[in-house]
Colleague: 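Have a look at this one before I ask anything.
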Amino acid sequence: MGVEPGTPAEFLREAVGDLAYDAVATIDRRLGEPAIEAVAHGCKLLLFTTAELDAVHVPNPSAVVRRLTGTGSVAEAAAILAARELGGVGELVVEKRRGRMVTVALAH
């Protein structure tokens with residue numbers, strides 16, 4: 001998941017919608033963001049550095065995200081890395097989905 005600082009939790013919940021997930025993953029600098037913590041409640045929270053995220057090939061990199069964070073992907077790259085860390089293949093099931101101030105992706 002990628003969120004802008006100060007994103008309301010309801011914006012992230014809307015973007016997640018009916019996606020089923022066991023873990024929430026994002027960039028390490030979003031630790032403490034209320035929206036991330038609200039959606040991750042009861043799940044494993046995985047945090048990745050800019051360098052870790054930037055090393056992942058994703059289908060939809062973003063120049064804007066790169067300019068703001070130093071990596072071309074947060075949502076897709078974090079989903080892939082989290083899936084791998086949890087024993088999955090690290091393949092996207094849902095490519096990035098944009099919402100208000102958020103982006104989410106799902107991998108297995």
Colleague: Tell me, please, which residues at least two apart from L45 pass side chain to side chain contact (heavy atoms under 4.5 Å, CB included).
Modeller: V24, L31, I36, A40, L47
Colleague: Could you list who else is in L68's hydrophobic cluster, with ILVMFWY side chains joined at under 4.5 Å, directly or through other members?
Modeller: V64
Colleague: Just to verify, what does R98 make a side-chain hydrogen bond (donor to acceptor under 3.5 Å, both in side chains) with, not counting sequence neighbours?
Modeller: none
Colleague: Pairing donors with acceptors under 3.5 angstrom, does anything connect the side chains of T69 and R29?
Modeller: no
Colleague: What pair of heavy atoms forms the shortest contact from M101 to P5, and how long is it?
Modeller: CE-O, 4.2 Å
Colleague: With sequence neighbours excluded, what pairs up with R100 under the salt bridge (charged side-chain N to carboxylate O under 4.0 Å, His left out) test?
Modeller: E14
Colleague: Side-chain heavy atoms under 4.5 angstrom apart, residues restricted to Ile, Leu, Val, Met, Phe, Trp, Tyr: same cluster for I27 and L86?
Modeller: yes
Colleague: Answer yes if V94 and V39 sit in the same cluster of Ile, Leu, Val, Met, Phe, Trp and Tyr residues linked by side chain heavy atoms under 4.5 Å apart, and no otherwise.
Modeller: yes
Colleague: For a quick test of reading the model, state the closest non-hydrogen atom pair linking A9 to A38 and the distance between them.
Modeller: CB-CB, 3.8 Å
Colleague: What is the distance from atom CZ of R30 to atom CD of E4, rounded to the nearest 0.5 Å?
Modeller: 8.5 Å
Colleague: So, for A82 and A25, which heavy atoms are closest and what is the spacing to 0.1 Å?
Modeller: CB-CB, 3.6 Å
Colleague: By the salt bridge (charged side-chain N to carboxylate O under 4.0 Å, His left out) test, which pairs, at least two apart or in different chains, include something from residues 33-44?
Modeller: none
Colleague: Rounded to the nearest 0.5 Å, what's the gap from CG on L106 to CE on M1? Could you check?
Modeller: 9.0 Å
Colleague: Please give me the minimum heavy-atom distance between C43 and A23, naming the atom from each residue.
Modeller: CB-CA, 4.2 Å
Colleague: Among all residues two or more places apart in sequence or in another chain, which pass the side chain to side chain contact (heavy atoms under 4.5 Å, CB included) test with A77?
Modeller: L53, V56, V58, S73
Colleague: Do any pairs count as a side chain to side chain donor-acceptor pair (under 3.5 Å) and have a residue in residues 16-28, sequence neighbours left out, and if so which ones?
Modeller: none
Colleague: With E85, which residues qualify under side chain to side chain contact (heavy atoms under 4.5 Å, CB included), at least two apart?
Modeller: L46, F48
Colleague: Enter the distance from N60:CG to K96:NZ here, rounded to the nearest 0.5 Å.
Modeller: 5.5 Å
Colleague: Can you name the residues that form a salt bridge (charged side-chain N to carboxylate O under 4.0 Å, His left out) with R66, not counting sequence neighbours?
Modeller: D54
Colleague: According to side-chain hydrogen bond (donor to acceptor under 3.5 Å, both in side chains), who are the partners of E52, at least two apart in sequence or on a separate chain?
Modeller: T49
Colleague: Partners of A15 by side chain to side chain contact (heavy atoms under 4.5 Å, CB included), sequence neighbours excluded?
Modeller: V102, V104
